[in-house]
Amino acid sequence: MQGFTEKIVGLMKSHNLFESQGGPIILSQIENEYGAQSKLLGAAGYNYVTWAAKMAVETGTGVPWVMCKEDDAPDPVINTCNGFYCDAFQPNKPYKPTIWTEAWSGWFSDFGGPLHHRPAEDLAFAVARFIQKGGSFVNYYMYHGGTNFGRTAGGPFITTSYDYDAPVDEYGLIRQPKYGHLKELHKAVKMCERALVSADPVVTSLGNFQQAHTYTSESGDCAAFLSNYDTESAARVLFNNMHYNLPPWSISILPDCRNVVFNTAKVGVQTSQMQMLPTNTKMLSWEAYDEDTSALDDSLMISANGLLEQINVTRDASDYLWYITSVDIGSSESFLRGGELPTLIVQSTGHAVHIFINGQLSGSAFGTRENRRFTFTGKVNLRAGTNKIALLSVAVGLPNVGGHFETWNTGILGPVALHGLDQGKRDLSWQKWTYQVGLKGEAMNLDSPNGILSLEWMEGSLAAQTQQPLRWHKAYFDAPEGDEPLALDMESMGKGQIWINGQSIGRYWTAYAHGDCSGCSYSGTFRPTKCQLGCGQPTQKWYHVPRSWLKPTQNLLVLFEELGGDPSKISLVKRSVSTVCAEISEYHPNIKNWQIESYGKTEEFHRPKVHLHCSPGQAISSIKFASFGTPLGTCGSYQQGPCHAPTSYDILEKRCVGKQRCAVTISNSNFGHDPCPNVLKRLSVEAVCAPMTSTTAQPS
């Protein structure tokens with residue numbers, strides 16, 4: 001560990017990357033969330049933390065070292081917080097700054113589980129809570145989540161996608177409104193900078209669930225944060241002899257202690273809805289090769305009496321391990337003469353198993369992230385004489401958090417037993433088992449452009465007549481035009497792995513999401529189960545294909561399918577914005593209104609604007625909905641309310657159609673007249689984005 005740490009620090013120093021050398025790195029971290037393990041290990045854990053801290057500090061980076069979730073981090077190392085909220089956190093010494101190393105922007109997904117959404121309003125509220133209390137530094141985990149290519153997904157059962165509902169999505173595209181809302185939050189915090197760094201906050205109560213945190217400097221700077229922790233009700237508060245309305249579960253930021261430039265619950269940026277569009281790319285010349293389950297290679301096999309733990313045998317060289325044994329069945333067994341078939345019971349510690357009886361798939365069973373252990377129970381069709389039982393055990397990622405990984409088991413540790421024979425139960429757990437690591441296709445490098453030449457493949461149309469388990473498929477395709485991010489739609493397949501030009505895209509698994517997706521309010525303490533999406537759909541059906549991995553033509557796609565599936569329905573899709581929505585009220589907080597009154601000039605009030613923009617290469621093709629007044633609903637399901645300016649559509653179409661981006665000011669004069677005096681109005685818009693053609697393109 002010391003060698004690794006010194007190697008990385010040396011590499012950074014050689015490129016002058018630390019702030020002490022004029023570079024951009026301002027903090028370094030040693031260890032990660034070790035605190036819980038350290039406590040369990042007692043003195044040994046504490047000694048290790050002390051050693052790691054001393055070793056890191058001695059590398060002499062010239063910038064501070066931190067340890068996250070490590071309450072006993074020894075000086076000068078700073079202990080820091082990771083979590084959904086960190087405003088209750090204090091470092092272990094008063095002279096250490098309060099640092100939030102992981103502000104969780106969402107949550108990871110696991111196969112068979114739903115997707116987790118963290119509302120932008122709640123994330124902004126969490127960060128504002130931390131800053132108002134005097135937090136020094138906040139870092140988002142994840143700001144961009146990305147993809148677990150190859151077999152790097154941990155967990156076990158973590159999906160190949162690590163999108164994380166982050167401000168920049170898995171494909172590198174901006175996720176609105178989260179990205180824009182956080183950008184506006186930090187702009188507002190930056191305006192408070194001089195006051196924030198000059199003093200500690202003075203906290204005053206404004207009500208049962210309401211507070212003001214005020215920062216003032218000797219040179220006269222003043223900044224305030226007005227908070228409302230009520231999860232149900234908005235609050236009208238009095239601060240510095242002025243009234244302010246605070247939505248539930250929100251904070252307003254006043255960089256001059258007078259004007260609100262931002263409220264965490266009022267989202268002023270657009271919401272972008274993404275879509276996966278077909279590309280013109282065809283998958284050409286599908287061919288198949290069936291993994292040979294009978295001709296297992298004796299030279300690669302080991303034998304043992306009893307069942308062995310999987311990772312100890314595979315050493316993670318492959319996700320796959322064969323457990324093979326045989327059973328002799330006497331010709332007088334009742335089931336051979338029309339009686340009930342015997343039942344095979346296989347208990348596994350994880351993560352999936354496929355049962356083959358005499359070379360035929362007899363059934364499969366799977367665990368989940370909550371319950372890695374599972375049991376296969378199924379009738380098996382045995383014959384008189386010797387029967388070969390081959391169990392293909394599949395790992396779906398290694399453990400990635402916790403202690404004593406050597407005690408975590410994977411694979412089939414039994415019991416394995418046959419029930420329903422004439423003499424009752426036959427336990428197979430302790431007889432002779434033969435083991436083979438990996439698949440024949442893996443040994444032959446079928447995933448690589450050179451490996452596929454080593455054998456005869458079966459033509460795709462012939463292969464399509466039967467959906468066979470343990471089948472390799474290959475096809476060729478050309479890279480599609482354009483620069484939108486790409487993905488493979490794998491919904492027609494079961495479970496397996498994908499390679500493109502020999503590079504692993506990752507594990508795929510069309511496991512359907514179970515859970516509660518019954519709606520979501522931004523207010524109230526967030527936890528991953530609070531705002532779930534995608535129940536009843538595959539957890540992951542799109543698999544990211546980096547364009548940098550592709551050649552212009554003749555890209556090789558290889559996949560290994562464990563269960564059976566229809567590869568002819570696999571398609572390459574491209575990700576882009578489909579529709580954009582925005583809704584802003586007449587008095588939306590506006591950074592331009594900052595310090596209007598501070599200079600004694602009577603400047604005009606800057607009216608808020610709705611800003612819409614499509615992706616590069618797209619233009620707004622139509623306005624699906626527009627209403628200035630009291631519209632109802634949310635993005636995708638807006639409806640006119642009791643008050644509606646009839647000119648709404650015309651104004652938006654004139655300003656926006658044919659342009660990549662547009663802005664419309666929210667004012668009565670803009671919409672002809674006031675559609676309903678003395679009512680707070682807002683403008684809600686939904687616009688459609690479409691690829692720009694040379695005829696529609698206009699400068700914005």
Side-chain angles (χ1 to χ4, degrees), residues 78-81 83-101 103 121-139 182 184-231 233-266 523 525 587 589-591 593-600:
I78 303 160
N79 63 306
T80 68
C81 183
F84 291 116
Y85 306 92
C86 279
D87 48 300
F89 168 79
Q90 287 181 314
N92 59 22
K93 296 281 170 50
Y95 47 79
K96 293 182 181 179
T98 307
I99 291 178
W100 189 358
T101 34
E121 299 95 325
D122 177 64
L123 181 55
F125 181 55
V127 173
R129 273 162 62 168
F130 180 75
I131 304 282
Q132 77 175 356
K133 282 194 69 175
S136 296
F137 175 96
V138 58
N139 172 66
L182 292 176
E184 294 202 335
L185 163 68
H186 289 287
K187 206 185 266 184
V189 169
K190 182 74 174 163
M191 295 167 103
C192 306
E193 183 175 39
R194 277 171 37 186
L196 284 173
V197 299
S198 303
D200 289 325
V202 173
V203 185
T204 48
S205 170
L206 304 175
N208 287 342
F209 300 101
Q210 295 77 34
Q211 284 181 323
H213 287 70
T214 311
Y215 288 82
T216 46
S217 72
E218 287 177 7
S219 55
D221 298 292
C222 183
F225 295 74
L226 309 185
S227 56
N228 178 15
Y229 283 80
D230 194 316
T231 57
S233 309
R236 187 169 163 81
V237 299
L238 186 66
F239 173 72
N240 282 355
N241 295 321
M242 285 177 69
H243 284 283
Y244 296 88
N245 288 315
L246 302 175
W249 199 250
S250 78
I251 290 176
S252 284
I253 299 179
L254 293 64
D256 56 358
C257 287
R258 265 185 91 77
N259 292 286
V260 175
V261 298
F262 181 83
N263 176 276
T264 57
K266 292 183 179 176
S523 69
T525 302
Y587 295 102
N590 192 330
I591 280 177
N593 289 324
W594 185 47
Q595 289 186 330
I596 286 173
E597 292 149 271
S598 311
Y599 297 100

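Across all their heavy atoms, Ser136 and Pro97 have their closest contact at OG-CB, 3.5 Å. Gln211 approaches Val203 most closely through the heavy-atom pair NE2-CG1, 3.7 Å. Of all heavy-atom pairs spanning Ala265 and Pro247, the tightest one is CB-CB, 4.0 Å. Minimum interatomic distance between Cys192 and Ala223 (heavy atoms only, all atoms of both residues): CB-CB, 3.7 Å. The two atoms that bring Thr98 and Pro91 nearest to each other are OG1-CD, 3.6 Å, heavy atoms only. Considering all non-hydrogen atoms of both residues, Lys266 and Pro589 come closest at CD-CD, 3.7 Å.
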Go through the steps for Trp100 and Val127 under the test side chain to side chain contact (heavy atoms under 4.5 Å, CB included), then give the verdict.
-> CA-CA 9 Å; Trp100 189 358; Val127 173; 4.1 Å; yes
Please report the C-alpha distance between Asn228 and Tyr244 in whole Å, then the side-chain angles of each, then the deciding distance to 0.1 Å, and finally whether the side chain to side chain contact (heavy atoms under 4.5 Å, CB included) criterion is met.
-> CA-CA 11 Å; Asn228 178 15; Tyr244 296 88; over 6 Å; no
Determine, step by step, whether Asn263 and Ser252 satisfy the side-chain hydrogen bond (donor to acceptor under 3.5 Å, both in side chains) criterion, reporting the C-alpha distance in whole Å, the side-chain angles of both residues, the deciding distance to 0.1 Å, and the verdict.
-> CA-CA 4 Å; Asn263 176 276; Ser252 284; 2.9 Å; yes
Apply the test salt bridge (charged side-chain N to carboxylate O under 4.0 Å, His left out) to residues Glu184 and Lys187: give CA-CA distance (whole Å), side-chain angles for both, the deciding distance (0.1 Å), then the verdict.
-> CA-CA 5 Å; Glu184 294 202 335; Lys187 206 185 266 184; 5.8 Å; no
Evaluate the side chain to side chain contact (heavy atoms under 4.5 Å, CB included) criterion for residues Asp256 and Val261: first the C-alpha distance (whole Å), next the side-chain angles of each, then the deciding distance (0.1 Å), finally the verdict.
-> CA-CA 10 Å; Asp256 56 358; Val261 298; over 6 Å; no
Would you check, one step at a time, whether the test side chain to side chain contact (heavy atoms under 4.5 Å, CB included) holds for Val260 with Leu226?
-> CA-CA 9 Å; Val260 175; Leu226 309 185; 5.6 Å; no
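Counting non-hydrogen atoms of neighbouring residues, nucleotides and ligands closer than 6.0 angstrom, the OH atom of Tyr587 reaches no more than 12 such neighbours.
Residues Phe239 and Thr214 meet the side-chain proximity criterion, which asks for heavy atoms closer than 4.5 Å. Side-chain atoms of Phe209 and Leu246, non-hydrogen and from C-beta on, never get closer than 4.5 Å to each other.
Ring planes of Tyr229 and Trp249: perpendicular class, angle over 60° (limits at 30 and 60°).
Rounded to the nearest 0.5 angstrom, His186 NE2 and Ile131 CD1 are separated by 7.0 Å. For the atom pair OG1 of Thr80 and NZ of Lys96, the computed distance is 10.5 Å after rounding to the nearest 0.5 Å. The distance from atom CZ of Phe262 to atom CG of Leu254, rounded to the nearest 0.5 Å, is 12.5 Å. The structure places CZ of Arg236 at 13.0 Å from CD of Gln210, a figure rounded to the nearest 0.5 Å. In this structure, Tyr215 OH and Gln132 CD are separated by 7.5 Å, a value rounded to the nearest 0.5 Å. Note that CG of Asn208 is 11.0 Å distant from OG of Ser233, once rounded to the nearest 0.5 Å.
In this structure a side-chain-to-backbone donor-acceptor pair under 3.5 Å is present from Asn79 to Asn92. No donor-acceptor pair closer than 3.5 Å links the side chain of Tyr85 to the backbone N or O of Phe130. Of the possible donor and acceptor atoms, one in the side chain of Thr264 sits under 3.5 Å from a partner among the backbone N and O of Ile251. A distance-only check finds no donor-acceptor pair linking the side chain of Asp221 to the backbone of Arg194 [under 3.5 Å]. Under a 3.5 Å cut-off, the side chain of Asn240 and the backbone N or O of Met242 do not form any donor-acceptor pair.
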